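Below you'll find the structure, written out as structure tokens, and then a few comments.
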Amino acid sequence: MSFGRPHLRTSYEQDSAIFPTYFQKGAAGLFLIFIVLMVLGNGAAGWIPTWLFGQTWLNPLTLVLPFAIAALGFNILTGVTGQVSLGHAFFMGVGAYSAVTLGGKGDGGVKACVPFADNIGLLDKAGECGLGLPIWIWLPLAGVFAALVGILVSPAAVKVRGLYLAIVTVGLVFIGLHIARMLPEYAGDYESGRKWPKLDIRIWKEEVPFIDMNEDGKWLGLIYLTEEQKQFFFLFAILLVMMAFAKNLVRTRTGRALQAIRDRDVAAEVMGVPEQHYKRVGFAISSFYAGIGGALWASYQGRVSPVDFSLLLSVEFVAILLIGGAGTIAGTMMGTLFVELLPKAVEKLTNWLSGNLDSGGVIGDLANIMLTSGPGDFGPVSTSPTAPGWPMSVFLWNPVIYGVLIVIFLIFEPHGLFGIWVKIRNYWKGWPFSY
Amino acid sequence: MKFKRLLALFMALGLVASACGSSETDDGAAGESESSATTEATAEEETTTTAAPAEAEEPAAEIATDFGVTDDTIKVGLNADLSGPFASLVAEIVEGQTVYWEVVNANGGIAGRQVEMVVLDSGYATDKGIENYLTLAAESDEGVAMISENTGSPITAAIAEDAKDDDILVIPLSWASLWADPDIGPNILEKGTNYCIESMNGISFLADLVTENGDTPKLAILSRPGEYGADGFAGAALAAELLDIEVVYAAEGEVAGDDRTAVVTQLVNSGANIVWTTLTPGETADIFGNAVAQGFEAQWSGNQPSFNYLAHLGGDLAESFDQYWWQSGYTVPWNGNDSEGMQDLVAAFTELRPDNNLSDVYAIGWMEGLMVQTVLEQAAANGDMTRAGIVAASQEVTVDFKGLGPNQSWAGSYNDSVVRESYMFDADATAFDIQPVSSGTGSTGLFIEKGPFVSEIVADYVFDGPCI
Amino acid sequence: MIDVLLLAQESTGFFPTFLQTLIKGLALGSIYAVMGIGFVIVFKGTQVLNFAAGGIAMAGALFMSILVNDAGLPFLPFSNPLAPEIGTTPSIPRWLINLVLALIIAAILGMVLERIAIRPMIGQPLFSMAVITLGIETALGPFNRDATSLTARSLQIPWGLEQWEFLGAGIPKSYVGAMVAAVLCFLSINLFFRSRFGVAMRAVAFDQEAAQAQGINVGRVFSIAWGLGAALVAVGAIFYGMGPFPPQGTVSQEIHPVLAFRVLPVIILGGLDSIPGALYGGLLIASAEVFAGQYLAQWTSVLGAGYSTIVPYIVMLIVLLVRPYGLFGSEEIRRV
């Protein structure tokens, strides 16, 4: 029995296990412990530092979860099937708007759900369409609708390949934005959007939700959780289910077909894998994930505007996949954490540096070099957020650092964070011998 | 096998413990420790009463506080767009407020406390704006006493309900008529008049001009999608109805996307002699430039955000703008009058920011500062600087803008609290000359033509709620 | 509600309007074509789809505005001896000399970016390279935004907004300028491909390793492709900055989205590796866009506000359904 040596499988069961190595089992266990500690951190045990679980990091961390779900879908399409798409934001949008149409509260009644209701005289003034259904209806259907739309556009998408596909899907994003602008009854105001249903579990449309996720308190009368923790756990549970599904997909006939298409599409077709059919399947599954992710993201945020589903969002997923390492679930998770938390970390870093501006020592010197507090100082980063021109403010540097990190990553570690992990693992595998 | 599992578990536990331990010490060494901040915060769920320190300059009165106010500082939050489409504008507004607080702090602060700004960047993205709001409104030591600037209608709409729940005061950097709505609560403290009333005043002004020349006014209204566009459009349409002006082209929310050929075509063909725009500066320049190039002549004006003197009076279209454009606004332009407020503003900038270029929008940040100071001083006088106390204080005060804009109070009904005055400026391309503040010369090219004024239709109209 | 009365009578006749629209379509098409050629050169030379073109193009336009406005050169200690006197509009020859200078600086920017970010990636999958350029685009954005936020960056166009009258239609000089620029770019690129470097580039595009084995300096070919590509997109940006195009004679954020993504349908339509394709694609897409904007205007309520912005994408989708490799692109040979 090996202690987590990669690629060494001693039994067939082990090869097809969800966590094939001890390390992975250990990591999963560690994570469970982290979660238990988080619950215990609610005052019951005072020795656990609350900053670890407080709002400061929990909110951003929760925000990562819907992205992680959508990124899993992107991984299935791009990492597993090898089809590069820049239209993921579009499918997230489809999911989000399905969710708000089914689950949101509308002021115009069912009539408002007819497109152009005000133009054809059904209503005096365009209202918002929302049926107010509970989450167990709108969440799966958000995924299903996104998948259906994915199948709908797939005839165009399966015909083209490579960069052509990437650009075609760019078109999809822009057309989606136009449609959202045309249909305010679903999308709400073009800039400020509309309200999404809250993350509460209701049996039907009753007033008091069956499981309330927007108040601190005992969950199911058992454990005390804050509002933020409840939402974190709920989204995390969904992520786990989606992860298990994604992990399993790769091990099925469909998954193997998708990988065959990625590796050599012509060879796959010759061997009897119907290429177009499986590409369509890949598209549909990926869109399903995107739809679920989009619906959860919008509903966690509470309000999202159509412009948020822009090309930049799609690009974020590409960055996630390439930084994390394409084709693996662990890589996708690492990539999502990295890309979504990086801007926040950069912000914290500059804050911390400016706090140490006059502290002396190495850090103080570094801060002096980097930061400009007034005229005559030549650091590239201005501590005043408000002065335009050179030196630029921290807020303008954030995207620069983000872009540069993407470039650096791809140049030095084309296999992403997962690749780094593999390197570390391989180093320790043979330690203290290099081979 | 079992033993190994146990071992793994213990190792994992050890890792966690050591990780927590080491990070904690790191944090402690790093100076301002985040860990202690939030630890205290969770314990400090309820409102605590702290005595003002003995060494404070103000008489030691008992002031109730909760978040963002300590014995020696008051934190105010700004949810600003510093990297998005309005970055240049908002950066200068934030600068105006920064200088204001520098002056106030030098004079002893508010109630013996120094005012500290917490500036976060939204990039004008709703999701980032909500995130920033959650950080600012956190019920912990990281939270602020009030939000002294929240950029943009979309983000303000997105957080309005949360602000009501959290009972925190928010000054929006947006002039939508929604914010005075009692449904949105007293928490959103709008300053200046709103887009809707501004449109009504502006169209009255333009209609008078055209009538004086012996023409019958024919109005074209151009607006972009979204609340800003809808609000400006609603006001313009209302003005047309009240003044009985024919609307020859109504492009409600039709100015969208990068290509505006369709709008220009219809505008030029409509035969309008008054054009009212509720657009962004880029859209205005495109439509205005193309319409003028096609020989279209009319009196143009639009809601304040439609126009940007830097882009419009500094570019190739400067002469055309000089000829056809009247600018509407809510505040006095740089050095635009010799009121007390303007003198204070110019003096403060000349002293503290001599190298900055002059700008019309410093006044907006300065006015935000005046509002916050008046409200906070009232709250301190009431002995209640909790978030709820600050909200309550905002309903009791009248803010004196010292001639920078019409004075304002927020008590009473919607109709009582909306500001009805706005300004009309003449755009003068030859005078446009941006210089550093210290030079004492230069101009943004905008001069008060009329104002603060209230048109007849606005004065008589009863506003029973937002225009949209 | 208010009575909305759309006046039916046209202020100008049918023919002048048509002519004006046609000229506008051709001018916009010229800009799309120049930008498209910039994309295609980079793709032909280095197999990279350059998503950073928007950022580079805008930087090029900024260089131009710095040269003609500030009499200084960006980040260099000495000043520009050829700059027009401050506060004056340059004469056409002087403006053109500054244009050439700006293009050289843009080309240097392109070459530097290639050397830093693209060269180490030779041999990596197409997609990784494309994402690198997305990273560059993200990183360039704030610089451009910061530089445009201080003042209106005028391009000091010698002919400003002047226009010629022709058969009752007003024809802006800028439109003609854009067309002339496109023709010149197209001709010089064609000449270039007949030169030694051009042949080398075609060889590299065909097979990098074989070309290297034949003694071709692949690195230099990469460098030249990026330099040319950057200069071409900068030409596009500078001419798009002229009124009556939306930026109206200044370098503003208005330029950027157009350059970054609207050109994609053009090169897809023409084929990623075809220079005549970029020319025809640009003209076709721009004409479709402008004519739709002009003649479908009364259907705005049905088509949705801003419908003409998505016309390029719809044209692209339709063409791709019929011809998956564009109108002029060479079909990829799929080997097992």
Side-chain angles (χ1 to χ4, degrees), chain B residues 83-85 87-89 91 218 224-225 237-238 240-241 245-266 268-272 280-283 285-290 292-296 308-317 319-320 357 434, chain C residues 1-12 17 20-21 24 141-142 145-146 148-157 160-161 163 170 172 242-250 252-254 257-258 262 289-290 292-298 300-301 303-311:
Chain B
S83 64
S88 56
L89 198 70
K218 287 185 206 142
R224 68 194 317 272
L238 187 59
E241 194 183 291
I245 300 178
E246 182 187 7
V247 179
V248 289
Y249 178 40
E252 186 177 7
E254 283 183 24
V255 182
D258 304 321
D259 184 90
R260 292 128 200 162
T261 316
V263 174
V264 175
T265 307
Q266 293 186 78
V268 172
N269 290 341
S270 71
T280 64
E283 290 162 348
D286 185 16
I287 293 172
F288 178 81
N290 276 296
V292 170
Q294 292 183 27
F296 177 75
N308 176 349
Y309 52 82
L310 283 176
H312 295 166
L313 294 180
D316 288 355
L317 284 170
E319 280 168 34
S320 307
N357 283 337
I434 301 295
Chain C
M1 290 302 285
I2 0 138
D3 291 329
V4 179
L5 203 115
L6 264 172
L7 291 190
Q9 92 257 16
E10 306 246 323
S11 59
T12 41
T17 313
Q20 229 159 316
T21 315
K24 185 175 178 189
R145 214 172 297 142
D146 193 53
T148 45
S149 72
L150 261 185
T151 46
R153 290 230 153 256
S154 168
L155 284 166
Q156 302 283 10
I157 321 282
L161 294 165
Q163 49 185 21
M242 297 177 183
F245 285 119
Q248 301 288 354
T250 53
S252 70
Q253 284 295 320
E254 282 281 301
V258 176
R262 291 264 286 287
E289 186 182 326
V290 171
Q294 177 73 32
Y295 288 101
L296 299 179
Q298 67 250 49
T300 304
S301 59
L303 299 169
Y307 65 90
S308 50
T309 313
I310 62 159
V311 166

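Fair warning: this is a prediction, and the values are worked out from it, not measured in the lab. First the proteins, then the strands, lettered A, B, ... as listed; each starts at 1.
At a 4.5 Å heavy-atom cutoff, C:Tyr295 makes no contact with chain B through either its backbone or its side chain. Using a 4.5 Å cut-off between heavy atoms, C:Gln163 contacts chain B through its side chain alone, with no backbone atom that close.
Ionic pairing of C:Arg262 and C:Glu289 is present here: one or more N-O contacts between side-chain nitrogen and carboxylate oxygen are shorter than 4.0 angstrom.
In this structure, a donor-acceptor pair under 3.5 Å is absent between the side chains of C:Thr17 and C:Gln20.
Side-chain N or O atoms of C:Gln248 include one that pairs as donor or acceptor with a backbone N or O of B:Ala285 at under 3.5 Å. Between the side chain of B:Asp286 and the backbone N or O of B:Gly282, no donor-acceptor pair lies under 3.5 Å.
Of the residues considered (B:Ala256, B:Gly253, B:Ala251, B:Ala272), B:Ala256 shows the highest number of contacts with chain C, using heavy-atom pairs under 4.5 Å.
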